[in-house]
Amino acid sequence: MNTALPSRRHYVDPAPFDPGKTEPVGAESESFYRASSWQLMWWKFRRHKVAVAAAFVLLVFYGLVPFVEIVAPYNQTQRHGDFLYAPPQAVHLMHEGRFVGPFTYPYSYSFDLENFRRVYTPDRSKPQPIRFLCRGDSYQFWGMWEMNFHLVCPPGDGTMFLLGTDRLGRDLLSRIIYGARISLTIGIVGIAVSFALGLFFGGLAGYLGGWVDHVIQRMIEILRSLPELPLWLALSAALPANWSPILVFFGITIILGLLDWPGLARAVRSKLLSLREEDFVKAAELMGASKQRIIARHLIPNFMSHLIASATLSIPSMILGETALSFLGLGLRPPVTSWGVLLNEAQNLAAVQLHPWLLFPMVPVVIVVLAFNFMGDGLRDAADPYH
């Protein structure tokens, strides 16, 4: 019995070898090889479905910021004295077996003398339709124009407290929407301050080296050795109490930016240390380019994608920092409305036990922080050339 393996036959092209001949490249392959680093990063980011969904969520939140007055059903300062600590009202579509559309049932309340609190009961005999694209509470749009147009309005003769009210009878949903403008903006402005400082000091340390690098590194080590939260509290408490809300806002933003730049500066330094020995840097130096031009036009753009990913992961810490300071009463103060200011009213355990809807402002904080982290992970993977 012949158990020998069958011989394998290999195809040999009889045509002579031509080193100048190349295989035809399709349109897709050609676009891939001609794509810039930003296009490659975008194509890789699109494959990260969770990161894309997180980016969409953040786009919705930040798209809301310029139009909070229009989106909110009530003005943030509008008080309803008959509805103090009113629980959330449900939205219904059907009434007694027939379709009515989105509507709420009006509240009637009685005072519970045993527990010393108001008890609200919906009157299910009077459906009150919710209005859309309507006229409601007046407001100053962007602080300049008097307007009263809203996307959604409460019934003309009723109320619409979807997330309940606070101790002054103010609609909590409207205040959360207004608070998004401050809480989301402070993260962007804070990271801009941190970004500028990190690029400046990290660029000097990484490119110049020597005693400049030693001084900057020792300064970073001193800042990193200080406990972060007590330092936040000390600097926030040092802000004058008679400052206007705008000055307090910028003060908190600068504090958060000043304390967050060391990590970014070290990342910039490590990248510059590896890039400054590349041939294109030596060529720029031989052509007479200044140090500022080499850093700004040749070195930093080569790892800008990594910086963007780092920035998206740092913004959540800014938002959480403002929320924590305002929650402790050392950050933004009324009449400014932010998510931290709203959570400040939930410090009382009795208030939380009796009125748990006061904790709703922490929901958008959790959503935004998770969205930034997921999007930052996707950007970091997309920016990694070895991933």
Side-chain angles (χ1 to χ4, degrees), residues 64 67-139 147-180 334-335 337-339 341-367:
L64 174 74
F67 311 105
V68 293
E69 296 92 349
I70 298 176
V71 176
Y74 291 98
N75 193 313
Q76 64 170 336
T77 59
Q78 181 65 31
R79 300 184 181 184
H80 305 85
D82 294 334
F83 299 97
L84 307 181
Y85 286 129
Q89 283 182 280
V91 177
H92 305 271
L93 297 176
M94 307 293 293
H95 175 67
E96 296 180 351
R98 60 187 179 88
F99 179 77
V100 178
F103 68 90
T104 60
Y105 289 119
Y107 271 150
S108 61
Y109 74 90
S110 60
F111 195 78
D112 186 357
L113 295 177
E114 183 179 351
N115 297 315
F116 291 99
R117 63 170 180 167
R118 297 188 180 197
V119 178
Y120 293 89
T121 306
D123 184 359
R124 300 189 176 275
S125 64
K126 300 177 181 178
Q128 297 176 329
I130 297 173
R131 298 177 296 149
F132 297 92
L133 303 178
C134 47
R135 303 290 179 181
D137 291 344
S138 61
Y139 54 82
M147 297 176 60
N148 59 1
F149 176 77
H150 296 263
L151 289 180
V152 182
C153 295
D157 55 349
T159 58
M160 187 185 65
F161 305 130
L162 301 184
L163 297 182
T165 62
D166 59 9
R167 60 186 177 87
L168 298 177
R170 296 171 295 188
D171 180 48
L172 193 57
L173 174 61
S174 300
R175 289 175 61 76
I176 290 176
I177 294 175
Y178 272 89
T337 303
S338 71
W339 293 337
V341 172
L342 296 177
L343 284 173
N344 182 263
E345 297 186 4
Q347 288 188 11
N348 191 339
L349 183 60
V352 173
Q353 184 179 4
L354 297 175
H355 319 294
W357 54 88
L358 294 178
L359 292 174
F360 278 134
M362 75 178 181
V363 175
V365 176
V366 174
I367 293 175

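Counting heavy atoms from C-beta outward, Phe149 and Ile70 have side chains that approach closer than 4.5 Å. For the pair Asp137 and Asn148, the minimum side-chain heavy-atom distance is 4.5 Å or more. Contact annotation: the side chain of Thr104 approaches that of Pro155 to within less than 4.5 Å [non-hydrogen atoms, C-beta and beyond]. With a 4.5 Å cut-off on side-chain heavy atoms, Ile176 and Trp339 count as touching.
When the options Phe132, Tyr139, Tyr74 are evaluated for a ring pair (Phe, Tyr, Trp, His ring centres under 6.0 Å) with His150, the one that passes is Tyr139. For the pairing with Pro361, the side-chain contact (heavy atoms from CB on, under 4.5 Å) check across Thr337, Val341, Leu163, Leu343 returns one residue only, Leu343.
Atom CG of Leu359 is separated from atom CG of Leu342 by 11.5 Å, given to the nearest 0.5 angstrom.
For the pair Tyr178 and Ala72, the tightest heavy-atom approach, listed with the atom from each and the gap, is CE1-CB, 3.6 Å. Closest non-hydrogen pair, Val71 versus Leu151, comes out as CG2-CD1, 3.9 Å. What you find for Pro73 and Met160 is that their closest heavy atoms are CB-CE, 3.5 Å. Closest heavy-atom contact between Pro154 and Gly158: CB-O, 4.2 Å. In terms of heavy atoms, Pro88 sits closest to Phe360 at CG-CE1, 4.1 Å.
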> Can you list the steps and then say if Val100 with Leu93 is a side-chain contact (heavy atoms from CB on, under 4.5 Å)?
Replying inline: CA-CA 6 Å; Val100 178; Leu93 297 176; over 6 Å; no
>> Could you go through Met94 and Phe99, starting from their C-alpha distance and side-chain angles, then the distance that decides it, and tell me whether this counts as side-chain contact (heavy atoms from CB on, under 4.5 Å)?
In response: CA-CA 5 Å; Met94 307 293 293; Phe99 179 77; 3.8 Å; yes
>> Between Asp171 and Gln78, is the side-chain contact (heavy atoms from CB on, under 4.5 Å) condition met? List the steps.
In response: CA-CA 8 Å; Asp171 180 48; Gln78 181 65 31; over 6 Å; no
>> Working note: Gln128 + Gln89, criterion side-chain contact (heavy atoms from CB on, under 4.5 Å); need CA distance, chi angles, decisive distance, verdict.
In response: CA-CA 12 Å; Gln128 297 176 329; Gln89 283 182 280; 5.7 Å; no
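In this structure, the ring of Tyr105 has its center no less than 6.0 angstrom from the ring center of Tyr107.
Between Tyr85 and His355, the angle of the ring planes stays under 30°, which puts this pair in the parallel group of the 30/60° scheme.
A distance-only check finds no donor-acceptor pair linking the side chain of Ser174 to the backbone of Gln76 [under 3.5 Å]. Distance alone, capped at 3.5 Å, is enough to place a donor-acceptor pair between the Trp357 side chain and the Thr165 backbone.
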